[in-house]
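Here's the structure we're looking at; comments come further down.
Indexing begins at 1, ligand by ligand and atom by atom, following the structure's order. Both backbone and side-chain heavy atoms feed into the values below; hydrogens, waters and symmetry mates do not.
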Amino acid sequence: MITDIKKLDEDLREILSEKRYLHSVGVMKMCEKLANIYNADIEKAKLIGLMHDMAKELTKDEMRDYVEKNNIECSELEKYLGGILHGKIAADMCKKRYDFDDEMCEAIAVHTTGKENMTILQKILFISDKIDETRDYDGIKELRNLAFQNIDKAIIKNVESTILINIDKGKTILEKSIKTRNYLLLTSEI
Ligand SMILES: [Fe+2]
Ligand SMILES: [Fe+2]
């Protein structure tokens, strides 16, 4: 596995816009902080934080092409939406280019929606992506504090607001978001 953050950082700067690059660095920092709090692997957390959005600036058609050419499994809804595919594509790139392990790649693949039965590393990436220092929205301070206290509660809260926002806008809801919420509601001590 390539773990040289400097090399990955250089690659990322070439692929992403300044704004998204800064978000990626912000997520890396938040991943490090949460990995410390929850005793997760700090190096792995930083690597996935930095690289999770490496495919985000492909066009929707480039994303659809990539999943087809690389035989990446995805639902009709995911293909229709397009943008959501960036997680699975980044996971595939990180496997092939940097040999990230399966847990890390899965964390990257599902970073937008989460999934059932996430490992702590996967939970850390999911929530770090939503609360990094470059983001600003109503309630983010509270959500950050909650993430430091109880990561499961923070994920539930974030998934719920995402679902509600999508409903409000008349948009589709991804099944994985619902599964993430149900799983945590049934299994975590909240
Ligand atoms: Fe993303
Ligand atoms: Fe992101």
Side-chain angles (χ1 to χ4, degrees), residues 5 8-9 11-35 40 44-67 70 72-75 77-98 100 103-115 118-119 121-137 139-140 143-144 147 151 154-155 157-159 161-163 165-166 169 171-177 179-181:
I5 291 260
L8 298 183
D9 184 87
D11 287 359
L12 203 64
R13 271 174 199 264
E14 287 190 12
I15 308 172
L16 295 182
S17 63
E18 176 81 5
K19 186 171 185 259
R20 189 149 286 115
Y21 167 75
L22 292 174
H23 161 68
S24 303
V25 173
V27 175
M28 176 180 75
K29 288 193 214 161
M30 186 56 73
C31 280
E32 180 177 20
K33 189 169 179 144
L34 290 172
K44 286 184 184 181
K46 285 174 72 179
L47 291 168
I48 59 177
L50 185 64
M51 303 313 283
H52 77 285
D53 268 345
M54 70 179 292
K56 179 93 180 180
E57 291 181 356
L58 298 175
T59 66
K60 288 182 182 182
D61 281 336
E62 285 170 339
M63 290 188 199
R64 293 184 188 109
D65 268 11
Y66 188 100
V67 294
N70 292 276
I72 296 172
E73 225 179 280
C74 45
S75 68
L77 178 57
E78 286 173 324
K79 263 190 245 173
Y80 168 76
L81 294 172
I84 184 72
L85 298 170
H86 78 274
K88 287 183 174 176
I89 295 170
D92 190 69
M93 290 173 165
C94 284
K95 177 95 241 164
K96 288 172 180 162
R97 294 184 195 176
Y98 310 125
F100 282 10
E103 183 189 15
M104 294 163 79
C105 290
E106 187 64 9
I108 293 172
V110 300
H111 78 260
T112 307
T113 57
K115 64 165 196 169
M118 286 190 281
T119 65
L121 192 73
Q122 291 162 351
K123 289 177 182 176
I124 286 172
L125 178 61
F126 176 89
I127 201 68
S128 294
D129 181 40
K130 318 301 182 288
I131 58 170
D132 83 283
E133 65 186 14
T134 67
R135 288 203 194 259
D136 190 19
Y137 51 84
I140 190 166
L143 189 61
R144 264 186 208 128
I151 195 166
I155 294 171
K157 202 166 169 38
N158 172 264
V159 171
S161 54
T162 302
I163 291 171
I165 287 167
N166 283 333
K169 290 183 176 169
K171 290 188 174 175
T172 49
I173 309 292
L174 287 153
E175 285 168 37
K176 274 213 180 87
S177 298
K179 286 184 175 172
T180 302
R181 178 175 180 269

For a 4.5 angstrom cut-off between non-hydrogen side-chain atoms, does Arg97 reach Met54?
yes
Side chains of Ile140 and Arg144: does their closest heavy-atom pair fall under 4.5 Å?
yes
Restricting to N, O or S atoms, which atom of His23 is closest to the Fe ion (ligand 2)?
NE2
If we count only N and O atoms by modelled type, under 3.5 Å, do the side chains of Thr134 and Asp132 hold a donor and an acceptor together?
yes
Give a yes or no on whether the backbone of Ile163 and the side-chain of Arg181 come within a donor-acceptor separation of less than 3.5 Å.
no
Where the side chain of Gln122 meets the backbone of Met104, is there a donor-acceptor pair that is under 3.5 Å apart?
no
Val110, Thr180, Asn158 screened by side-chain contact (heavy atoms from CB on, under 4.5 Å) with Phe126, the one that passes
Asn158
Leaving waters out, which protein N, O or S atoms fall under 2.8 Å from the Fe ion (ligand 1)?
Asp53 OD1, His86 NE2, His111 NE2
